[in-house]
There are 2 protein chains.
Amino acid sequence: MVEQGGGASGAGCMGCPLRQRGEWCVLNEEETRFLSRHLKKRRYRAGETIFSAGEPSHGVYCVASGTAAIRKGDAEGNTVLLRLAYPGDTLGYRGLLLGENRRYGAEALGPSKICFVDRAVVKLLLERNPTLGQQFLRRIASDMDEAHDHLVRNATLSNRDKFVHLLQSLMNRHGRTATDGSRFMELPLSRRDLASMIGARHETLSRIIGRLEEDGIARFSGRTVYVARSHSLFNAIRPPTLLD
Amino acid sequence: MVEQGGGASGAGCMGCPLRQRGEWCVLNEEETRFLSRHLKKRRYRAGETIFSAGEPSHGVYCVASGTAAIRKGDAEGNTVLLRLAYPGDTLGYRGLLLGENRRYGAEALGPSKICFVDRAVVKLLLERNPTLGQQFLRRIASDMDEAHDHLVRNATLSNRDKFVHLLQSLMNRHGRTATDGSRFMELPLSRRDLASMIGARHETLSRIIGRLEEDGIARFSGRTVYVARSHSLFNAIRPPTLLD
DNA sequence: CTCAAAATTTGACCATCGTCAATTGATCCG
DNA sequence: CGGATCAATTGACGATGGTCAAATTTTGAG
């Protein structure tokens with residue numbers, strides 16, 4: 001199951017999306033080869049756990065293909081889906097930096113390939129190439145921004161508007177354009193998970209979806225979502241008390 | 001208004017709380033002197049703005065004394081108080097790292113002394129002492145954890161429980177113990193700001209406060225809060241549907 | 001393909017929250 | 001001191017969201 005470096009493409013990290021998008025893009029050819037030799041690439045099936053909250057952090061994970069979900073729970077056993085990770089994203093750097101156990105879990109949402117980089121390898125590369133550290137800094141800083149935006153949205157928007165916003169960002173990632181110019185996508189998440197992302201119960205989300213269909217904002221069929229025009233999702237954020 | 005290094009204590013950064021608590025604690029004596037010479041210390045009055053969203057990031061700010069509030073708004077003009085900063089905390093590193101304009105504003109909540117460190121100075125120190133970079137990494141990672149915990153709480157708790165949690169953390173910072181063992185504190189925030197921290201309207205917060213008083217959880221008088229025992233706040237998180 | 005388990009939807013009902021509006025209380029200048 | 005302004009509280013009411021329960025659909029194992 002575990003491949004050493006090579007990967008299915010046969011070119012190791014050289015052909016990996018991480019090479020372009022992730023923080024590793026600052027590595028030179030030699031360093032990339034080193035990374036290539038020492039990472040462990042592994043296939044995950046849908047729903048498979050990548051790592052779990054509470055366990056020690058031995059390294060970081062990089063999404064090569066597929067989608068991963070970051071889950072975090074509180075003391076009462078409630079669980080929340082914090083965010084999704086896509087190819088090029090690096091997971092689990094926090095535990096590594098702080099030397100703490102993982103505070104959240106990650107799982108593959110669909111068939112995915114994910115690389116594991118041992119902390120020793122990260123450390124070596126960080127020493128050889130200080131730019132890598134800067135990349136990580138930038139990455140975390142940008143994650144912070146995202147988290148803060150998330151906090152503000154959660155504090156100010158209604159569940160409906162939060163869901164519309166979630167649909168927008170999912171559409172950006174997963175959306176395709178049909179021949180008639182309308183947009184559609186295959187949702188990577190169950191309703192329960194969608195609900196947990198906006199901090200609502202799944203029953204509430206069902207009703208929100210119903211209302212969106214009534215209002216002609218979007219059409220839902222299983223995990224497929226259709227939107228008339230991508231704009232209509234934007235407009236949907238302020239639909240009430242506009243026409244009276 | 002602006003002092004160079006020396007500061008009121010006359011010992012520069014040597015006697016500054018940042019020396020113990022902040023990320024700057026890894027600097028040696030020479031580096032600290034350098035920092036001391038090149039930072040600008042400034043007094044702020046209650047309510048004064050430290051920096052505002054949208055303006056360019058020229059450096060970082062360090063709280064030497066007092067309390068600062070981090071405010072962030074969304075497109076609709078809603079404003080949220082994200083968190084408070086205390087002596088030893090460093091503000092505004094994100095804009096610096098990403099080279100972006102400030103995404104949030106900071107203001108002094110009471111009379112405060114806050115030091116400004118120009119980006120050039122930070123850069124120099126980072127080059128001289130790589131440990132400083134690691135400190136910043138740890139700091140951001142820890143801020144991320146806090147933000148994620150915040151997100152989970154907001155998604156799972158009721159406004160009442162969020163407020164109780166907020167009171168707990170404020171009590172940890174601002175609380176004093178009376179002779180009879182009870183705890184009390186002077187709230188550093190207006191009701192409006194307290195409400196914005198839990199994502200509720202101030203009218204709702206008024207009613208939550210009323211309920212907490214009815215239930216004997218806490219007593220509010222202006223900005224002073226009394227709690228019977230510090231435990232009772234903890235117990236308050238799950239008060240309903242326990243006795244029936 | 002079939003059946004059981006899980007996910008989703010729907011209904012009924014109640015608690016909470018937001019909004020509007022009016023009142024009271026506090027603060028700040030002049 | 002007085003008046004103006006802002007903060008905080010309270011009431012009324014409608015909208016939203018949570019809970020419990022049942023019905024329906026989808027999914028997955030065999």
Side-chain angles (χ1 to χ4, degrees), chain A residues 45-48 69 76-81 109-111 154-164 166 186-215 218-225 236-242 244, chain B residues 45-47 76-81 109-110 154-164 186-215 218-225 236-242 244:
Chain A
R45 282 171 303 176
E48 221 173 329
E76 271 84 37
N78 308 300
T79 183
V80 167
L81 208 164
L109 279 181
N154 284 354
T156 57
L157 299 183
S158 68
N159 279 345
R160 181 195 207 248
D161 289 355
K162 280 189 264 182
F163 182 58
V164 169
L166 175 59
E186 199 69 14
L187 288 170
L189 296 167
S190 70
R191 308 278 144 128
R192 282 190 123 82
D193 281 341
L194 288 171
S196 92
M197 286 195 84
I198 61 171
R201 305 283 131 169
H202 59 280
E203 298 100 321
T204 301
L205 180 63
S206 265
R207 294 186 171 101
I208 291 175
I209 288 177
R211 258 182 284 156
L212 289 180
E213 295 205 303
E214 277 179 27
D215 298 353
R219 200 155 53 80
F220 294 77
S221 169
R223 287 199 172 189
T224 313
V225 191
I237 297 194
R238 282 238 148 266
T241 66
L242 196 72
D244 19 350
Chain B
R45 283 171 302 175
E76 272 83 37
N78 306 301
T79 182
V80 167
L81 210 164
L109 278 181
N154 284 354
T156 57
L157 298 183
S158 68
N159 278 345
R160 184 201 156 126
D161 289 355
K162 279 189 265 182
F163 182 58
V164 168
E186 199 69 14
L187 287 171
L189 296 168
S190 69
R191 307 278 144 127
R192 282 189 123 84
D193 281 340
L194 288 171
S196 92
M197 286 195 85
I198 61 170
R201 304 286 131 171
H202 58 281
E203 298 100 322
T204 301
L205 180 63
S206 265
R207 294 185 171 103
I208 291 175
I209 287 177
R211 258 182 284 156
L212 289 181
E213 294 204 304
E214 276 179 27
D215 298 352
R219 200 156 53 80
F220 294 76
S221 169
R223 288 201 173 189
T224 313
V225 191
I237 297 194
R238 282 240 149 266
T241 65
L242 196 70
D244 21 349

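Computed over heavy atoms, backbone and side chain alike; hydrogens, waters and symmetry mates excluded. Chain identifiers are assigned alphabetically (A, B, ...) following the order of the sequence lines, protein sequences preceding nucleic acid strands; residue numbering begins at 1 within each chain. This structure is a prediction, so every number in the text was calculated from the model and none was measured.
The heavy-atom pair separating B:V80 from B:S196 by the smallest distance is CG1-O, 3.7 Å. Nearest heavy atoms, A:T224 versus A:E186: OG1-OE1, 3.0 Å. The two residues A:F220 and A:E213 come nearest to each other via the heavy atoms N-OE2, 2.5 Å. Contact detail for A:M197 and A:L81: the closest heavy-atom pair is CG-O, 3.4 Å.
For B:H202 and C:dG18, the NE2 to P distance is 11 Å, given to the nearest whole Å. Atom CZ in A:R207 sits roughly 13 Å away from atom C1' in C:dC14 (whole-Å rounding). With rounding to whole Å, A:R201 atom CZ is found 17 Å from C:dT9 atom P. Atom CG in A:L157 sits roughly 17 Å away from atom P in C:dC17 (whole-Å rounding). Regarding B:R192, its CZ atom lies at a distance of 17 Å from the P atom of C:dA26, rounded to whole Å. Taking atom CZ on A:R223 and atom P on C:dA7, their separation rounds to 10 Å, with Å as the unit. Following rounding to the nearest Å, A:K162 (NZ) and C:dC17 (P) show an atom-to-atom distance of 13 Å. At whole-Å resolution of the value, CD1 in B:I209 and P in C:dT16 are 17 Å apart.
Scanning DNA chain D 5' to 3' for nucleotides with an atom closer than 4.0 angstrom to a non-hydrogen atom of chain B gives a first and last hit of D:dA8 to D:dA12.
Between A:V164 and A:L212, the closest side-chain pair of non-hydrogen atoms falls below 4.5 Å.
Of the residues listed (A:I198, A:T204, A:L205, A:D215), the one engaging A:R160 in a side-chain contact (heavy atoms from CB on, under 4.5 Å) is A:D215, and it is the only one.
Among the nucleotides C:dC17, C:dA12, C:dC20, the one closest to the side chain of B:R211 is C:dC17. Distances were taken from every side-chain heavy atom of B:E203 (C-beta onward) to each of C:dA12, C:dT8, C:dA21; the shortest belongs to C:dA21.
A close approach under 4.0 Å does occur between a side-chain nitrogen or oxygen of A:R191 and OP1 or OP2 of C:dT9.
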For this session: Walk me through it: do B:S190 and B:R223 pass the test side-chain contact (heavy atoms from CB on, under 4.5 Å)?
Result: CA-CA 8 Å; B:S190 69; B:R223 288 201 173 189; 3.6 Å; yes
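Residue contacts shown for A:G199 are limited to sugar-phosphate atoms, with no base heavy atom under 4.0 Å away.
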